[in-house]
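Read through the structure below, which is laid out as C-alpha cells, and then see the notes.
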There are 2 protein chains.
Amino acid sequence: MTLRHYQIFVAVCDAMNMTAAAESLFMSQPAVSQAIAELEKNYEVRLFERLSRKLYLTEAGEKLLGYARHMLRMNDDVEKDMKLLRESGTIRLGASVTVGAYVLPRLVSAFKEENRRTAVRVVEDNTRQIEHLIMTDQLDFGIVEGDTVSPDIVVHPLMDDELTLVCARTHRFAGLSAVMPEELEKEDFIVREKGSGTRKTFEDTMALNGLSWREAWTCNNADTIRAAVAAGLGVSVISARAVARDAASGLLCALPVKALQFRRTFKIVYHKNKFLTVPMRKFMELCMKSRA
Amino acid sequence: MTLRHYQIFVAVCDAMNMTAAAESLFMSQPAVSQAIAELEKNYEVRLFERLSRKLYLTEAGEKLLGYARHMLRMNDDVEKDMKLLRESGTIRLGASVTVGAYVLPRLVSAFKEENRRTAVRVVEDNTRQIEHLIMTDQLDFGIVEGDTVSPDIVVHPLMDDELTLVCARTHRFAGLSAVMPEELEKEDFIVREKGSGTRKTFEDTMALNGLSWREAWTCNNADTIRAAVAAGLGVSVISARAVARDAASGLLCALPVKALQFRRTFKIVYHKNKFLTVPMRKFMELCMKSRA
DNA sequence: TACATTTACGGTCTTCGTAATAATG
DNA sequence: CATTATTACGAAGACCGTAAATGTA
C-alpha cells in the first residue's frame, strides 16, 4: 500500500462519500473506488460498510484513519523540513588558524546577519586536518592558508595575506621607513611552531632570499608573539592582520623589509564532488565579495 | 514520493552502500540508485555525499531518515493492527428485551471464553430500535424476538421461545397437569406493556383462539411480573426461560394450557450488505450450535 | 583492474481515465 | 429516473531489470 492509497482513503473518510472525495482530489470516482477496494483487499478488512447508498466507517477503518492521517502529516512535514534545509541547512566550515582568528569572525557574523536561519559551525585546525575532514565529509568546505594535497580538492584563491615584520616601539627598527634584509639576521626571532602556515611562509621566504635567522622563542599562537615582541624580547614576522590594531595603537611597530615580501594566499577549498547548498554558495560569494 | 522510496532509502542508510542495500532488498542496484536519485530530485536536496566511493549521509538525509523510519514503522503497525482487527474486532450486538435478559448472557460469556481478545458490546432495546441501529451500522447484527420491517434485513431463525402460563403456588391452577383455555378468561392477568414482543405474542395467540382476557396489571419487565404472580395478584404468560428457575424452586407454577401454545421465534438479523467479520460469524455459529 | 554508482533502455505492472453495469431511493 | 458505487478495459506512466558507461582505489 502506498501513501497515495492512504491519501485517497482519508479524503473518502472526510467526505464519507466517494464521489465527493474524487472531486476533492481532482480524480475520477472509479479510481477512488478502486483505491479503497485495494486497501480492503490488501488488509483483508472492510473499511466502510456500504448500507443503502451510505458509507459507514468500520472499526478497522477508524483505526486505519488514525494511522493514515499521521503518516500523511509526516509526509507533509518532510516536505517542509526538506525545503527548510534546502534553504538554510547548517554550514560546517573549516578554517586554518590565522584565518580562523583574523578573517572568519568578521565573515561569519556578516553572513549570519543576512542568513539568520542558517547555523554555521566552524572547526579550526591546521590545513592538513581541515583537508582530511573535508575528504570525509565532516566539513562542507574550508578556508585555509596552507596547501592541500589531494587532487580531488577544488581550490579557489580568496585573498592575499601579507606577513609583516613587527618590533617593539622601543626597538632600534622603530621609526624606520624600511628595514634592510641583512639587518634581520642580527635579530632574535619569536616564531610560530613548526607546521604552522605562518612559520612556513616565513621560513620559505627567508630561505629564498638567502637569509639566516635566530629562533629565540617558539609558540603556537599570535597573542603570545605580540606580547613577547611588545616586551622587547625579539622581533617577529606574522600576519599583518594580527597586528593591525596594535600597530595603530602604537603598542607595536609594523614595518616593511626593503625589497622583500612575506606573502601567501587564503583559499576556499572543498571536495570536487561536494554538493554545495544554497547557503554554502552564499557564504562563499560573501567571502569573495568582501576580500580586502 | 512513496513509502517504497523511503524503504529503499532506509536500507541504504543502514548499509551506507547502495549495492549492499540492493541485496538486502532483493533488487538490482540501479533500481536503488534510481530511487535515491528520485528522492533527491523531488526534495531538491542531496541526501548522500558521494566522496571517493563512499557515501556520507547529509544533514537533510539525517532528517529524512528520522521521518522515514517513523513512517515505515507506522506502516508495519497498520499491518499488525489490521490483522488483529480482522481476527478480533469488536462485535456490536443488538438484543431485544427477553433475548437480552435470558438468552444473551449465556451466549456472550460462552463466546468470550473462547475469544478473549474480541470485545462484545450489547445494546438492548425493542426490535424496532435494534433494526434502526442495524440499518445505520450502529450495530453489526441483532438477536430479536419481534419482526423486522426492512426488506434489506436478513433473518435467520435461531430458536423457538415458548411462553408459559404461570401462577402462584397457592393458585387454584397449581398442581393441575394442564389448564383448559376457557379457564383463562376468568383470571386477572399481569402483562408486559404494549409494544413488547411478549405482550404481542400473548395477545395474538389469545385472539387467534377467540379468548378474551382481563388486564389487571401492566409493567415493562419480567421481574415485577414474577413478583406479582408469586404474590397471588394474578397469572401471566411470559417466556418459559424467565420463570424456569422460579418454577424449579417452587416459587411459581408453570403449566401448559390444553391444546394451546404461545410460541415465537428468536432470530438473528443483519443488513444484507453487512460484511461479517470472522468473530461475528463465529458468534453466530455459536448461537446456532447452542440452540436448545 | 576491480569495484561502486550512474546512465540508458526496454518490458511489465500500476494507476487512473472513460464507459458500461449494478444497486438504491 | 437520478444518484452512487462497482466492474471492465485501455493508455500513460512508474518501477525495476539488464547492459553499458563512468569514475575511483
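Just so it is clear: chains get the letters A, B, ... in the order the sequence lines come, proteins before strands, and each one is counted from 1. Please read these numbers as outputs of a predicted model, since none were measured by experiment. Side chains are part of it too, since the values below use all heavy atoms of this structure and drop only hydrogens, waters and symmetry mates.
Side-chain proximity of Leu55(B) to dA25(D), dT4(D), dT5(C): nearest is dT5(C). Closest to the Arg50(B) side chain, of the nucleotides dT6(C), dT24(D), dT4(D), is dT6(C).
Ion pairing between Glu114(B) and Lys282(B) fails under the 4.0 Å rule for side-chain N and carboxylate O. Classification of Arg86(A) and Glu40(B) as a salt-bridged pair fails, no side-chain N sitting under 4.0 Å from a carboxylate O.
Note: CE (Met18(A)) to P (dA5(D)) measures 6 Å, nearest angstrom. Atom P of nucleotide dT5(C) and atom NZ of Lys54(B) are separated by 12 Å, given to the nearest angstrom. One interatomic measurement links the two molecules: CE of Met16(A) to P of dA5(D), which rounds to 11 Å at whole-angstrom precision. Taking atom OH on Tyr56(B) and atom C1' on dA4(C), their separation rounds to 14 Å, with Å as the unit. Here dT6(D) presents its P atom at 12 Å from CG of Leu47(A), a figure rounded to the nearest Å. Atom-to-atom, CG of Leu39(A) to P of dT6(D) comes out at 13 Å; the value is rounded to the nearest Å. Ile153(B) has its CD1 atom 15 Å from the C1' atom of dT24(C), to the nearest Å. In this structure, CD of Glu49(A) is placed 17 Å from P of dA23(C), rounded to the nearest angstrom.
Judged by closest nucleotide on DNA chain D, Ala37(A) is the one of Ala37(A) and Leu51(B) placed further toward the 5' end. Where Lys272(B) and Ser33(B) each meet DNA chain C at their nearest nucleotide, the meeting point lying more 5' is that of Ser33(B).
Residue-to-nucleotide contacts include no donor-acceptor pair under 3.5 Å from the side chain of Arg53(A) to the base of dT4(D).
Heavy atoms of other residues, nucleotides or ligands lying less than 6.0 angstrom from CZ of Arg4(A) number more than 12.
Between Tyr270(B) and His156(B), the ring centre distance stays below 6.0 Å.
Side-chain contact between Val123(A) and Gln138(A): absent, with no pair of heavy atoms (C-beta onward) separated by less than 4.5 Å.
In terms of phosphate contacts, Asn273(B) brings a side-chain nitrogen or oxygen within less than 4.0 Å of OP1 or OP2 of dT24(C).
For the side chain to side chain contact (heavy atoms under 4.5 Å, CB included) test with Ile153(A), the passing option among Lys272(A), Met135(A), Lys274(A) is Met135(A); the others fail.
Formation of a donor-acceptor pair under 3.5 Å by the Arg121(B) side chain with backbone atoms of Leu93(B) is not found in this model.
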Q. Could you write nucleotides 9-19 of chain D as a row of B, S and -, 5' to 3', where a protein heavy atom under 4.0 Å of any base atom gives B, of only sugar-phosphate atoms gives S, and otherwise -?
A. ------SBBBB
